[in-house]
Protein chains: 2
Amino acid sequence: MKDKTITIKDVAKIAGVSVSTVSRALNNYSDINQETKEKIFSVVKELGYKPNNIARSLSSSRTFRLGMLVEDNEGTGRLNPLVLEMIIGFKNTSSKLGYETVLLSTTSDIQRNEKLQKIFKEKQLDGMFIMGLKMTDQYYDELSNIDKPCVLLDVNINNPNVACIGVDNVRGSFLAVEHLIKSGHKKIGFINGHKDAYVSYERLDGYFLAHSRYKLPVDNSLIENADFTDEGAQEAVKRLLQRHKDITAIFCASDLMATGAIYSLTNCGYSVPEDISVVGFDDIHLAECIVPRLTTIRQDAKKIGTSAASLLVNLVQGQHMGRIVIEPELIVRESTKRI
Amino acid sequence: MKDKTITIKDVAKIAGVSVSTVSRALNNYSDINQETKEKIFSVVKELGYKPNNIARSLSSSRTFRLGMLVEDNEGTGRLNPLVLEMIIGFKNTSSKLGYETVLLSTTSDIQRNEKLQKIFKEKQLDGMFIMGLKMTDQYYDELSNIDKPCVLLDVNINNPNVACIGVDNVRGSFLAVEHLIKSGHKKIGFINGHKDAYVSYERLDGYFLAHSRYKLPVDNSLIENADFTDEGAQEAVKRLLQRHKDITAIFCASDLMATGAIYSLTNCGYSVPEDISVVGFDDIHLAECIVPRLTTIRQDAKKIGTSAASLLVNLVQGQHMGRIVIEPELIVRESTKRI
DNA sequence: CTGAAAGCGCTTACAG
DNA sequence: CTGAAAGCGCTTACAG
């Protein structure tokens, strides 16, 4: 009738050592006889013993649990499909590294002024991967002096407990605009994302950089903000068209906005890329299915997730590896043409 | 120097009762004096005490943890964006119900013949929400007699521990085809999803049903399979076009495939919807941004996730609520026209 | 209705 | 290098 869960006790008994010794072997302590260690591991294998993480957490101060905070903006908008890939990538490698992944969402976990510190405690997390942080978020400031390991997507904060990961947004944006300039475009509209997103500043920089590198003056009336929504992009396109009849290209800070822009352009009687070239950002799966296939800047979302997990686990284990930058890639398809 | 974590002991001391009594009050046991209960709760509030879930799990047999298994097919294909919405919906309501959500993925958790039973134990789960189950999955059979609560997306299995949730796929498919028939189409191609997916059978039934309801003969050579990929859909379209020059409409079992189909049609010189109408399935966000805006069948993904969580929590608490069916909705946009 | 005590499966000083 | 023992924060029979 005994519960068939095998515990550290069973292993100890069969291996003929004490529970403490088994625990030490399992945790890779150095002060242990090689032979006993081997015997223990063979018993572990034979019995198929798996340590109970819950018990482990209760007695140690570590929990082997990592939180992933995703901004779900309460059903307002749908979510960027890249987020799912990041989540999966993160989950798979943190799992490989022996950590469990707990999903956190802004609506259900970070309500009215909750401190991150509190979430850490309540959810018993060793570390946290934060996606979609905006500079206006109430916990933005807290991150400057938080004492728990955090990895931030696309945002850089100066704190030894915090590391940053993301695509090189300046470079990505630069590549997009450079591609257009090299294709002969001179009047290039830019539809940027949410103004409180860190990435928006960087992508704007890339836009400026490309212009200055190629000695093209920047006209600020060519720059629009559209909050990363397709509706926003549609409106932005109309404003752009009104102000500049001679515009020949538009760079959008997301594929979703690019899609919205193309829709709007088509509706206004322009054809893409014959009349106006469009470049996106992200390289979501649909970018290569729609008509015209979208020229865009690829972010390797799975890799971002994967690296974020390694980065965070390292941080949890006391090693700060610094900021990880993923190279963006220009993918030329059919929505841009040389003029 | 005392650790400032407040425990059940602190509450007991201040309330002037024993630890056991506090525990009973917190767990809503009935055999407890109303007054003591109130006193305890006021102390709990005053101290801001939160029970430690880990300790709770260790001593009871329940863990208050729910697993979400998402099929990530190891980077082969990208994932359906609806999955993310389901995940968030599920997470938010299970969180509201006091359960924590642990993400599980097929590649990292269900490798080579692992039993679900084992995952349950290792991950210490009270229940599991399984998405993207295929009939060829190695754990498909195990589900017929599993003794742990599971909620399955889109698959029906007869076992009191298993409940099913999903859109009415027969109905959804029927609505799509009916819309085409009512618009005057008589030769309607059908590009179905993965042949081992349960939904594919149901969506095929819907296609048949609409034909028989409207006394239209079914021509099997109008039916193709494309594994839910856009490349597959592009090929399928070409085969369809070869066999049937007079085809006027195509129904695709996903928006992604519909997008691929439209691309292929455009490339072959057909215009959508002028020459050929196309209907999708899912209503992903991009369905309303692309040119032409996609007529499709909406699955309310967030609602599916939300309801799945309630269903699972009920199951965990011993109550089987039966199968939940979400109504699909026909969304008519610009990719179909009357002929 | 309430308390004392054992126990969940592990880790971690502390001796030796 | 190893063992005995206390303890992590809770729950749960068992008495009363």
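Quick note on labels: first sequence line is chain A, next is B, and so on, each numbered from 1.
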Enumerate all atom pairs, one protein N or O and one N or O from nucleotides 12-14 of chain D, separated by less than 3.5 Å.
residue, atom, partner, partner atom, Å
D/dT12, OP2, B/Tyr29, OH, 2.6

Quiz item: Roughly, in whole Å, what's the span from CD in A/Glu35 to P in D/dC1?
Solution: 11 Å
Exercise. Using a 4.5 Å cut-off on heavy atoms from C-beta on, say whether the side chain of A/Ile130 contacts that of A/Leu153.
Key: no
Quiz prompt | Any side-chain heavy-atom pair of A/Met128 and A/Lys123 under 4.5 Å | solution = no
Quiz item: Side chains of B/Ile87 and B/Met68: does their closest heavy-atom pair fall under 4.5 Å?
Solution: yes
Quiz prompt | Heavy-atom check, side chain of B/Leu69 versus side chain of B/Tyr139, under 4.5 Å | solution = yes
Self-check item: Rounded distance (Å) that lies between atom P of C/dT2 and atom CD1 of B/Ile40
Solution: 8 Å
Self-check item: Spacing of A/Leu58 atom CG relative to C/dG7 atom P, expressed in whole Å
Solution: 17 Å
Quiz item: Can you say whether the rings of A/Phe129 and A/Phe90 are parallel (under 30°), tilted (30 to 60°) or perpendicular (over 60°)?
Solution: parallel
Exercise. For A/Thr36, answer base if it contacts any base atom (sugar-phosphate contacts may also be present), sugar-phosphate if it contacts only those atoms, and nothing otherwise; contact means non-hydrogen atoms under 4.0 Å.
Key: sugar-phosphate
Quiz prompt | Whole-Å distance separating the CZ atom of A/Arg56 from the P atom of C/dC8 | solution = 19 Å
Quiz item: Rounding to a whole Å, what distance do you find between B/Gln34:CD and C/dT2:C1'?
Solution: 16 Å
Exercise. Take the protein atom CD1 of A/Ile6 and the nucleotide atom P of C/dG9, then report the distance between them rounded to whole Å.
Key: 11 Å
Quiz prompt | B/Lys37 NZ to C/dC1 P, straight-line distance once rounded to whole Å | solution = 10 Å
Practice problem: Write down the partner of D/dC14 under the Watson-Crick or G-U wobble criteria, each distance required to be under 3.5 Å. | Solution: C/dG3
Practice problem: Specify the residue among A/Asn53 and B/Asn33 whose closest nucleotide of DNA chain C lies further upstream toward the 5′ end. | Solution: B/Asn33
Quiz item: In whole Å, what is the span from the CZ atom of B/Phe64 to the C1' atom of D/dC10?
Solution: 11 Å
Quiz prompt | Closest listed nucleotide, where the reference is the side chain of A/Ile8 and the choices are D/dG9, C/dT11, D/dG3 | solution = C/dT11
Quiz item: Considering only D/dC10, C/dG3, C/dC10, which nucleotide approaches the side chain of B/Thr21 most closely?
Solution: C/dG3
Quiz item: Of all residues at least two apart in sequence or in a different chain, which pass the salt bridge (charged side-chain N to carboxylate O under 4.0 Å, His left out) check with A/Glu142?
Solution: none
Exercise. Report yes if the side chains of A/Asn161 and A/Lys148 come closer than 4.5 Å at any heavy-atom pair, otherwise no.
Key: no
